[in-house]
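Note sheet for the following structure.
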Protein chains: 2
Amino acid sequence: MKLAIDHKSPIPLHIQAEQLLRELIKDPAYQAGKLLPNEVELAKKLAISRTTLRQAINKLVYEELLIRKKGFGTKVANSRISSKSMNWLSFSQEMKARGINVKNYELHVSWVFPDESTASFFDIGTDKKIVKMERLRGSSDSPFVYFISYFHPRIGLTGEEDFKRPLYEMLEDEYSTIANLSKEEISALEANKFIAGKLEIEAGSPVLFRKRFVYDQGERPMEYNLGYYKAESFVYTVESRRT
Amino acid sequence: MKLAIDHKSPIPLHIQAEQLLRELIKDPAYQAGKLLPNEVELAKKLAISRTTLRQAINKLVYEELLIRKKGFGTKVANSRISSKSMNWLSFSQEMKARGINVKNYELHVSWVFPDESTASFFDIGTDKKIVKMERLRGSSDSPFVYFISYFHPRIGLTGEEDFKRPLYEMLEDEYSTIANLSKEEISALEANKFIAGKLEIEAGSPVLFRKRFVYDQGERPMEYNLGYYKAESFVYTVESRRT
DNA sequence: GCTTAAACTATGTAAATACATAATTAAGCT
DNA sequence: AGCTTAATTATGTATTTACATAGTTTAAGC
């Protein structure tokens, strides 16, 4: 892990600084709320101008990873899990950006007959098996989300793929299938016994439930995803502007 | 709409420039793909430095409203139109569109001291009362959402307005205050006794909780809205496209 | 002891300047 | 005409400098 900036590199200094900051803020001390070195000092230490450093910091502030307070300092945002980018970063990438170590508690891939609604979304029959993936993930402390994904047979998954890789990256690399459009429905549910057991909460406790309909480049359905999030650990953010 | 920058205004120049750009790009010519004036020229015309202008442009680029190409120019991104506009229907309009008859179970308007977080969002003190509106609404059968709204004193509400009208329509008509930007956070909660009583459910049952930060034309905070939705009766939909 | 004022700290805003680089256009050569 | 090269254009990167302003801490005054 290099914590220095290479002035001879063709990579712009502010990009280098940005990446360096992303690493830096993973430090438990900063995660715990310790202020970052002030801009003037940090710029000096990195041998770049304050303007350039601010350019880097700005990006992280925009992503809501950092918070700046005039006259006080800059610190890591107390990250509940949420962000605009959430929609298009896969779960593991999002967690990585926040310095949270993702742990896979369970990963199960199987071939199953689709239920009515899944078959209907995929526009296929209920008599042909498709790939189902179940995944229990969370921080190192505890699981906080349970995913179920169904994949359209068109993609050609075998079920033997490396599902430990970021999902959409894998699909793009191995099957040239690019997730392009997603429609989501978010609601609150009582955890049933099964989900409660997985998330290690009481049955009947609230969970945030997200249905996700994912379409490929040709607007064809490719994935049907169900996500059950432990209530207190997940906030979904939406930003919209009047048009 | 003034297309000039006021150097004597306390509003930072790059913020003014940003707002000005937001207006400018509404011009059909720019929407159609015409290049914006180049940075050096535009800065000169606005009588600000290129650095400051770039600061403004950067924001719109972050928001994916503008696209820059080195050596070529800057133009409006061909904006994907998503059903995000859904969020811009008020509750009653939304219900109407679904063919559900809205019943107002309770409507209570009062003047109260804002709590910390509300005051902080509005950037005011906690020692001056503001207008609070509480509203319990639902279908003809039963209530299914409890709203709490706080309004910024800038708007000038008296508390005597006709809150039975669609809210944003009333604000626009009576106070020329237009809701322009909304940031929302959606999560799942256990209903406390108060909310449970209102929604006629058991305490501890899940509710979908939506915080909504609403800003006006000048990106100034205007409304802080809390919504508690009975879990089984509300689904939040989001549509997003990869960029 | 309490309040007020001043000093200090760190971010916020703004400009002027210089050069690098990608995309496009024009010029020049065979 | 078709290719290569040079000039032009507009954004990209980076520094230096200066002062403003919001929070915090310290000192002064009553």
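Note on naming: letters A, B, ... go to the chains in the order of the sequence lines (proteins, then strands), and numbering restarts at 1 for each one. Computed from a predicted model, the values in this text were never measured in an experiment.
Distance check, rounded to the nearest 0.5 Å: CD1 of A/Ile25 to OG1 of A/Thr74 gives 11.5 Å.
Nearest heavy atom pair, residue A/Leu21 against residue A/Ala56, reads CD1-CB, 4.1 Å.
Side-chain nitrogen and oxygen atoms of A/Arg68 include none within less than 4.0 Å of the OP1 or OP2 phosphate oxygen of C/dA10. An OP1 or OP2 oxygen of C/dA10 is reached within less than 4.0 angstrom by no side-chain nitrogen or oxygen of A/Thr74.
Comparing B/Leu36 and A/His7 against DNA chain D, the residue whose closest nucleotide sits nearer the 5' end is B/Leu36. Residue B/Pro37 is the one, among A/Leu53 and B/Pro37, whose nearest nucleotide of DNA chain D lies closer to the 5' end (criterion: closest heavy atom).
Here the C1' atom of nucleotide D/dT11 and the NE2 atom of A/His14 are 12 Å apart, to the nearest Å. When rounded to the nearest whole Å, the span between CG of A/Leu60 and P of C/dT11 equals 14 Å. Here the P atom of nucleotide C/dT11 and the NZ atom of A/Lys44 are 15 Å apart, to the nearest Å. Distance, A/Lys75 NZ to D/dG23 P: 13 Å, rounded to whole Å. What separates NZ of B/Lys69 from C1' of C/dT21 is a distance of 15 Å, to the nearest Å. Distance, B/Asn58 CG to D/dT11 P: 12 Å, rounded to whole Å. Distance, A/Leu35 CG to C/dT9 C1': 11 Å, rounded to whole Å. A straight line from CG of A/Asp6 to P of D/dT13 spans 16 Å, rounded to a whole angstrom.
Side-chain contact of B/Arg50 with B/Asn38: a donor-acceptor pair under 3.5 Å is absent, judged by distance alone.
The side chain of A/Arg54 approaches C/dG12 more closely than any other nucleotide in the set D/dT11, D/dA14, C/dG12.
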Would you list the protein and nucleotides 16-22 of chain D atom pairs, both N or O, that sit under 3.5 Å from each other?
{"from": "D/dT16", "atom 1": "O4", "to": "A/Thr51", "atom 2": "OG1", "distance (Å)": "3.0"}

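Shown here is B/Lys132, whose NZ atom has more than 12 heavy atoms of other residues, nucleotides or ligands within 6.0 Å.
Taking the centre of each ring, B/Tyr150 and B/Phe122 stay at or above the 6.0 Å mark.
Looking at heavy atoms from C-beta onward, A/Leu157 lies out of side-chain contact with A/His152 at the 4.5 angstrom threshold. Looking only at side-chain heavy atoms (C-beta outward), A/Ser139 and A/Phe144 come within less than 4.5 Å of each other.
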